[in-house]
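Shown next, in structure tokens, is the structure this report addresses.
Heavy-atom basis, side chains included; hydrogens, waters and symmetry copies ignored.
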Amino acid sequence: MTPVELTLILHDLLRKKGIRDKSRIIYTYPAPGVFGIKQANDLFTEMFKERGIEIVSNYVVDYVENNTLVSQSGEKIKFDLLLGVPPHKGADVLSGLEIADRRNWIDVDKYTLNVKGYDNVYAIGDATSLPISKSGSVAHFESGPVAENIVHDILGTSGKVLYDGSVFCFCVGGIGTSSYIRYNYDYVLPVITPTTTIWWMKLMYNRMYWSLTARAVI
């Protein structure tokens with residue numbers, strides 16, 4: 001679940017309890033806006049404004065002390081409840097290895113997913129340094145080309161199957177509604193306003209994934 005989704009759900013929970021008007025929700029983000037994909041950022045920024053959720057952009061947290069969030073520029077925000085995301089980095093087991101950068105991400109070719117400097121080694125999913133979503137769908141879309149390329153390597157056949165940067169993820173718009181984001185290296189599909197129909201699609205797919213997709217039935 002992304003911070004945007006959690007924030008919208010929190011808004012709905014407080015509203016259901018009848019205390020939303022007594023609460024103040026502040027959303028901080030280390031870059032401009034509230035989300036890294038422009039189409040989604042535009043939609044969620046408008047949703048935040050409609051719900052009275054305050055946005056503090058370009059806010060890079062330095063430390064937390066005495067119920068106060070302090071940014072690297074010295075800006076302070078007091079809170080009663082902090083829902084924070086720790087710094088994102090690669091696995092500790094990769095620390096110090098030549099294939100990993102300073103944050104323990106593995107540097108790969110964005111299309112072949114070969115580890116840089118190794119023609120017969122691949123990395124997918126959260127392990128890579130690719131500047132795209134760290135969602136499960138990324139590993140799913142990457143696995144196909146990598147599997148085929150491993151077969152080519154074993155058989156000694158030429159050609160590479162390329163990963164196009166495909167990402168798909170549902171984006172909850174609060175309790176009972178959802179949208180989705182679909183994009184690759186070259187384009188981003190329009191991000192539609194969250195609906196109850198997509199919410200039910202999300203719930204159904206959550207159940208179907210482990211019984212169909214994960215078992216390679218489809």
Side-chain angles (χ1 to χ4, degrees), residues 1-17 20 25 27-29 33-48 50-51 53 81-91 105-106 108 113 122-148 161 163-218:
M1 179 175 293
T2 66
V4 163
E5 294 174 290
L6 180 60
T7 302
L8 292 170
I9 289 175
L10 175 62
H11 163 83
D12 285 355
L13 285 173
L14 294 175
R15 182 171 53 81
K16 283 178 176 283
K17 290 181 175 293
R20 177 64 183 95
I25 301 178
Y27 181 92
T28 68
Y29 196 63
V34 301
F35 202 87
I37 304 299
K38 182 182 184 306
Q39 289 83 341
N41 176 71
D42 293 344
L43 172 64
F44 289 126
T45 297
E46 187 60 32
M47 290 179 66
F48 275 24
E50 291 172 354
R51 290 159 175 74
I53 299 170
L81 172 66
L82 173 65
L83 302 175
V85 179
H88 204 180
K89 63 178 184 177
W105 303 121
I106 300 176
V108 300
L113 300 172
Y122 301 87
I124 67 173
D126 288 5
T128 76
S129 62
L130 295 181
I132 56 177
S133 170
K134 298 293 185 185
S135 66
S137 72
V138 171
H140 171 80
F141 286 120
E142 290 173 336
S143 64
V146 167
E148 292 193 49
V161 179
Y163 169 61
D164 66 355
S166 284
V167 177
F168 176 89
C169 58
F170 288 103
C171 294
V172 172
I175 298 175
T177 66
S178 183
S179 182
Y180 61 83
I181 301 175
R182 179 75 168 92
Y183 65 95
N184 64 21
Y185 291 141
D186 299 319
Y187 69 86
V188 180
L189 290 179
V191 181
I192 64 176
T193 301
T195 67
T196 54
T197 300
I198 301 175
W199 167 264
W200 285 108
M201 289 172 57
K202 169 183 167 61
L203 295 184
M204 286 189 291
Y205 185 69
N206 286 348
R207 289 181 175 273
M208 290 172 58
Y209 179 85
W210 296 108
S211 60
L212 295 177
T213 305
R215 296 183 181 181
V217 176
I218 58 173

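- Counting heavy atoms from C-beta outward, Val146 and Tyr163 have side chains that stay 4.5 Å or more apart.
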Notebook entry, point to check: Checking side chain to side chain contact (heavy atoms under 4.5 Å, CB included) for the pair Tyr185/Leu130: CA distance, chi angles, key distance, verdict?
Noted result: CA-CA 11 Å; Tyr185 291 141; Leu130 295 181; 3.7 Å; yes
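- For Lys134, the NZ atom sits in a packed shell: over 12 heavy atoms of surrounding residues, nucleotides or ligands are nearer than 6.0 Å.
- Taking each heavy atom of Val108 and Ala123 in turn, the nearest pair found is CG1-CB, 3.8 Å.
- Scanning all heavy atoms of the two residues, the minimum distance from Phe35 to Ala40 falls at CD2-CB, 3.6 Å.
- The shortest side-chain heavy-atom distance between Cys171 and Thr2 does not fall under the 4.5 Å cut-off.
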Next item on the list: Would you please test Ile192 and Ile198 for side chain to side chain contact (heavy atoms under 4.5 Å, CB included) and show each step?
Entry: CA-CA 10 Å; Ile192 64 176; Ile198 301 175; 3.3 Å; yes
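- Checked against the 6.0 Å centroid criterion, the rings of Phe168 and Phe170 qualify as a close aromatic pair.
- Residue pairs meeting the salt bridge (Lys or Arg N to Asp or Glu O under 4.0 Å) criterion with at least one partner in residues 180-202, sequence neighbours excluded, are absent.
- Counting only heavy atoms from C-beta outward, the side chains of Thr196 and Thr177 approach each other to under 4.5 Å.
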Note to self: Walk me through whether Lys16 and Asp12 qualify under salt bridge (charged side-chain N to carboxylate O under 4.0 Å, His left out).
What the structure shows: CA-CA 6 Å; Lys16 283 178 176 283; Asp12 285 355; over 6 Å; no
Checklist line | Steps toward side chain to side chain contact (heavy atoms under 4.5 Å, CB included) verdict (His11, Ile53) | finding: CA-CA 8 Å; His11 163 83; Ile53 299 170; 4.2 Å; yes
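- Across every non-hydrogen atom of Val85 and Pro3, the tightest pair is CG2-CG, 3.8 Å.
- Residues Pro145 and Val161 come closest through the heavy atom pair CB-O, 3.7 Å.
- Summarising the geometry, atom OG belonging to Ser178 is positioned 7.0 Å from atom CD belonging to Glu5; distances are rounded to the nearest 0.5 Å.
- Between Thr7 and Ile25, the closest heavy-atom pair is CG2-CG2, 3.8 Å.
- Minimum interatomic distance between Val172 and Phe44 (heavy atoms only, all atoms of both residues): O-CE2, 4.5 Å.
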